[in-house]
> 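This is the structure, below, for whatever I ask next.
Just so you know, these numbers come straight off a predicted model, no measurement behind them.
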Amino acid sequence: MEHESTQSLYHSIPYQAAGAAMMSFKPINAIHQHLCAFHNYSHDRSRHVEAHHYCQHRLHDFHQCVIYDSDKEDARLIGIEYIVSEKMFTSLPEEEKKYWHSHKYEVESGLLQLATKPLVPGAAADLAEGPAMLELQKSYGKTIHTWAIDKNPELPLGPPSLMISYTGDGQGPPKDLLRQRVMKWGQDTATKKEIRKGYLPA
């Protein structure tokens, strides 16, 4: 019974608070950017997932992101994405390039957005997006999802999946997913597209 009593502390709030006070979370604390986009399964283009990227810039040409299904405290960790500049992408072996996708359409269409806090005014979010979108427009991502939440919402079952993004109109995501994001964030995709026409190079 003594072992069971000690083990029961593991899930208690005081034990978790003590852990937060005693331990270092430097890799997590280095995250400084939250991007929201949608991913598509490379082997099944009919499946779409909202993806919240929490990113750290390791190098000028290289970002690394952990991906959750939402921005909530109980969000599910569903994958990772590595982002490289166009210059770095072109230097990759041809065999490797097939695992990467362009962010050009995502940025220009307004699908890829900075996910700011609720109290941040839309105009401020648009201003903050300028440098990020100019940087990401000519970048490439390699994305692996380890949790197919649309098929197995409770546990990460099955093999990991290579994910891709959209490269043109009519590929998705479904309109209901876009509407849900507008309701949550108040940032319309079409409006973002028009704003970005003013500063993104053709």
Side-chain angles (χ1 to χ4, degrees), residues 31 33-58 61-71 75-90 92 94-115 129-151 159-182 184-185 187-197 200-202:
I31 291 172
Q33 188 174 66
H34 177 189
L35 298 166
C36 181
F38 299 92
H39 289 162
N40 209 195
Y41 287 85
S42 62
H43 63 278
D44 185 352
R45 298 301 297 270
S46 68
R47 296 165 62 191
H48 311 264
V49 180
E50 183 174 324
H52 290 261
H53 308 58
Y54 293 86
C55 304
Q56 172 197 4
H57 298 174
R58 282 188 55 83
D61 292 322
F62 179 40
H63 307 168
Q64 59 183 19
C65 310
V66 288
I67 302 173
Y68 291 85
D69 70 325
S70 76
D71 69 326
R76 292 168 288 192
L77 177 61
I78 60 174
I80 57 172
E81 179 165 2
Y82 301 108
I83 299 173
V84 298
S85 66
E86 185 176 51
K87 179 181 177 181
M88 187 173 285
F89 174 77
T90 57
L92 296 175
E94 289 302 315
E95 179 66 17
E96 171 65 23
K97 288 180 180 178
K98 66 183 182 181
Y99 301 115
W100 297 75
H101 59 266
S102 169
H103 291 131
K104 180 176 170 62
Y105 178 79
E106 277 189 281
V107 169
E108 295 177 356
S109 66
L111 286 173
L112 180 63
Q113 300 182 5
L114 281 185
E129 277 193 339
M133 296 304 127
L134 284 164
E135 179 79 12
L136 293 168
Q137 183 189 23
K138 294 185 178 181
S139 69
Y140 292 78
K142 183 179 185 179
T143 308
I144 306 295
H145 279 204
T146 55
W147 192 342
I149 56 172
D150 58 329
K151 291 286 184 73
S161 299
L162 178 69
M163 308 299 284
I164 55 177
S165 190
Y166 313 101
T167 57
D169 295 338
Q171 297 178 0
K175 291 182 179 180
D176 61 323
L177 279 181
L178 291 174
R179 282 195 295 267
Q180 289 173 23
R181 186 169 71 169
V182 172
K184 284 186 290 186
W185 299 99
Q187 299 192 78
D188 180 63
T189 303
T191 301
K192 291 287 187 185
K193 179 179 180 179
E194 290 304 310
I195 292 173
R196 293 174 187 176
K197 284 180 180 179
L200 289 175

> Going through the distances and angles, do Tyr54 and Asp71 end up as a side-chain hydrogen bond (donor to acceptor under 3.5 Å, both in side chains)?
CA-CA 10 Å; Tyr54 293 86; Asp71 69 326; 5.3 Å; no
> Judged by atom type as modelled, is there a donor-acceptor pair below 3.5 Å linking the side chain of Ser42 to the main-chain atoms of Leu162?
yes
> Does atom NZ (Lys87) have a neighbourhood of more than 12 heavy atoms from anything else shown, all under 6.0 Å?
no
> Can you give me the closest heavy-atom contact between Met133 and Leu112, atom names plus distance?
SD-O, 3.8 Å
> Checking His39 against His101 for the side-chain hydrogen bond (donor to acceptor under 3.5 Å, both in side chains) test, could you report, in this order, the C-alpha distance in whole Å, the side-chain angles of both residues, the deciding distance, and whether it holds?
CA-CA 11 Å; His39 289 162; His101 59 266; 5.2 Å; no
> Please find the pair of heavy atoms, one from Gly172 and one from His48, that lie closest to each other, and give the distance.
CA-CE1, 4.1 Å
> What are the two closest non-hydrogen atoms of His52 and Ser70, and how far apart are they?
CD2-CA, 3.4 Å
> Nearest heavy-atom pair of Leu134 and Leu200: which atoms, and what distance?
CD2-CD2, 3.9 Å
> Using every non-hydrogen atom in the two residues, find where Gly110 and Lys192 come nearest and quote the distance to one decimal.
CA-CB, 3.8 Å
> Tell me the closest heavy-atom pair linking Arg196 and Glu106, and the distance in Å.
NH1-O, 4.1 Å
> Glu129 vs Gln113, test: side-chain hydrogen bond (donor to acceptor under 3.5 Å, both in side chains). Steps then yes/no.
CA-CA 8 Å; Glu129 277 193 339; Gln113 300 182 5; 5.9 Å; no
> Is the side chain of His53 donor-acceptor paired with the backbone N or O of Leu35 at a distance under 3.5 Å, no angle test?
yes
